[in-house]
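Bear in mind that the values here come from a model prediction, so they are computed numbers and not experimental data.
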Amino acid sequence: MRKVIDNPARPGWVYLVGAGPGDAELLTLKAARLLAEADVVVYDNLVGPDVLALLPDTAEQRYVGKKAADHALPQEQICALLVALAREGKRVVRLKGGDPYIFGRGGEEAEALVDAGVPFEVVPGITAASGVSAYTGIPLTHREHVQSVVFATGYGKEGAVDLDWPALARPNQTVVIYMGVSRIGEICRELMNHGLSPDTPAAMVRHGTLPAQRVIIATLADLDAKAAAEKIKPPALLLVGTVITLADKLAWFVPDETT
């Protein structure tokens with residue numbers, strides 16, 4: 001078998017890199033190599049401290065994180081920053097939680113780089129849905145439960161929730177909703193209004209794959225109240241579907257209750 005060796009990080013290039021869901025050991029080999037070779041790392045709010053600890057002392061760090069209604073830097077300025085850094089001849093790693101092309105705005109940034117004539121590569125990462133699924137014992141697919149998986153976002157471009165509720169409320173599927181904490185009550189109501197039973201299993205997972213992981217398991221009817229009682233805040237992922245009933249049986253990860 002021929003051994004394939006990746007080219008080293010090149011000056012004047014931008015690498016859109018997925019940092020995975022939190023656990024630093026879930027980084028890909030390519031992501032870890034590019035971090036070690038970077039001149040500057042532009043990173044998001046969802047990139048965990050254990051991942052940042054892997055950066056070499058020589059790498060300049062630029063934080064451009066986003067929280068609901070609180071952006072360290074608007075998206076347009078982030079795109080302009082990536083272009084400017086690359087034109088300075090730097091090896092730029094744009095480090096994003098999860099995967100750049102799954103609710104990570106990687107597509108917008110790639111478009112800006114193309115428009116500016118800046119060369120780039122995309123390095124996929126484990127998206128939050130896959131990480132949370134593995135670390136909670138909630139398989140996204142299972143032949144006895146579901147035939148499809150749907151990813152959606154609870155936070156639109158202008159902050160509105162404008163989802164295809166009939167499609168999300170179809171039976172025999174797993175629904176994963178990113179960025180839905182602030183609208184969990186509305187989301188659960190809409191899913192029930194469009195056909196899902198109030199008894200449909202639902203879960204909210206905060207800090208998935210990290211020692212501080214917290215899992216709230218309930219039904220669509222009572223998830224909002226349980227999450228509020230547990231004071232669940234972002235980042236968290238909402239899951240809906242009968243696969244959640246497997247969590248107790250398949251759970252293997254033991255969070256650190258002291259964190």
Side-chain angles (χ1 to χ4, degrees), residues 18-23 26 28 46 96-107 122-157 161-210 213-221 223-224 227 232 234-253:
D23 184 344
L26 296 179
T28 65
L46 295 180
K96 296 172 169 291
D99 180 276
Y101 277 1
I102 300 180
F103 302 123
R105 304 195 186 184
V122 181
V123 180
I126 294 175
T127 188
S130 294
V132 161
S133 169
Y135 278 60
T136 60
I138 301 173
L140 295 179
T141 66
H142 190 291
R143 289 190 300 172
E144 295 180 7
H145 290 265
V146 300
Q147 283 74 52
S148 62
V149 180
V150 179
F151 293 171
T153 176
Y155 193 85
K157 186 173 182 180
V161 180
D162 184 19
L163 300 176
D164 185 348
W165 297 112
L168 292 178
R170 288 171 182 162
N172 304 317
Q173 71 180 4
T174 303
V175 177
V176 182
I177 298 181
Y178 291 65
M179 297 171 281
V181 176
S182 64
R183 291 174 169 81
I184 182 174
E186 177 184 355
I187 291 168
C188 290
R189 285 193 300 272
E190 289 290 349
L191 290 173
M192 289 185 287
N193 289 340
H194 286 82
L196 285 185
S197 167
D199 294 328
T200 301
M204 183 68 76
V205 183
R206 173 172 164 80
H207 291 317
T209 78
L210 295 172
Q213 175 176 289
R214 294 176 63 191
V215 183
I216 306 297
I217 293 180
T219 65
L220 279 179
L223 181 62
D224 186 17
I232 296 296
L237 211 63
L238 171 63
L239 298 94
V240 179
T242 59
V243 287
I244 293 168
T245 61
L246 297 170
D248 286 342
K249 182 177 183 179
L250 301 182
W252 58 270
F253 178 66

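- Heavy atoms only, all atoms of each residue included: A134 and W252 are closest at O-NE1, 2.7 Å.
- Note that the CD1 atom of I216 and the CD1 atom of I232 stand 4.5 Å from one another [nearest 0.5 Å].
- Nearest approach of I138 to A203, heavy atoms of both residues: CD1-CB, 4.3 Å.
- For A129 against L140, the heavy-atom pair with the smallest separation is O-CD1, 4.0 Å.
- Inter-residue side-chain proximity for W165 and N193 is flagged as unmet; no heavy-atom pair is nearer than 4.5 Å.
- Under the 3.5 Å distance criterion, the side-chain polar atoms of T200 are left unmatched by any main-chain donor or acceptor of L220.
- For D164, the side-chain contact (heavy atoms from CB on, under 4.5 Å) partners two or more places apart in sequence, or in a different chain, are P166, A167.
- Checked against ring pair (Phe, Tyr, Trp, His ring centres under 6.0 Å), H145 has the following partners two or more places apart in sequence or in another chain: H142.
- To the nearest 0.5 Å, atoms CD1 (I102) and OG (S130) are separated by 7.0 Å.
- For R206, there are no salt bridge (charged side-chain N to carboxylate O under 4.0 Å, His left out) partners at least two apart in sequence or on another chain.
- Identified under the side-chain hydrogen bond (donor to acceptor under 3.5 Å, both in side chains) test for residues 169-178, with sequence neighbours left out: T127-Y178, S148-Q173.
- In this structure T219 satisfies the side-chain hydrogen bond (donor to acceptor under 3.5 Å, both in side chains) test together with D222, sequence neighbours excluded.
- Looking at heavy atoms from C-beta onward, V146 lies in side-chain contact with V243 at the 4.5 angstrom threshold.
- Residues passing the side-chain contact (heavy atoms from CB on, under 4.5 Å) test with P124, sequence neighbours excluded: D99.
- Residues passing the side-chain contact (heavy atoms from CB on, under 4.5 Å) test with A152, sequence neighbours excluded: L163, L168, I177.
- In this structure, the separation between OG1 on T242 and CG on D199 is 13.0 Å, given to the nearest 0.5 Å.
- Residues forming a side-chain contact (heavy atoms from CB on, under 4.5 Å) with F253 (at least two apart in sequence, or on another chain): Y135, Q213, P255.
- Note that the CE atom of M192 and the CD1 atom of I187 stand 11.5 Å from one another [nearest 0.5 Å].
- Put simply, CG on L250 and OG1 on T245 are 9.0 Å apart, with the number rounded to the nearest 0.5 Å.
- Taking both residues in full, the closest heavy atoms of S133 and P139 are given as OG-CA, 3.5 Å, listed atom of the first, atom of the second, then distance.
- Looking at heavy atoms from C-beta onward, P235 lies in side-chain contact with H207 at the 4.5 angstrom threshold.
- By the ring pair (Phe, Tyr, Trp, His ring centres under 6.0 Å) test, Y101 pairs with no residue at all, sequence neighbours left out.
- In summary, of the residues considered (L239, I217, L237, L223), a side-chain contact (heavy atoms from CB on, under 4.5 Å) with M204 occurs for L223 alone.
- Between P100 and G125, the closest heavy-atom pair is CD-N, 4.1 Å.
- Across all non-hydrogen atoms, the minimal contact from D224 to G185 is OD2-CA, 3.4 Å.
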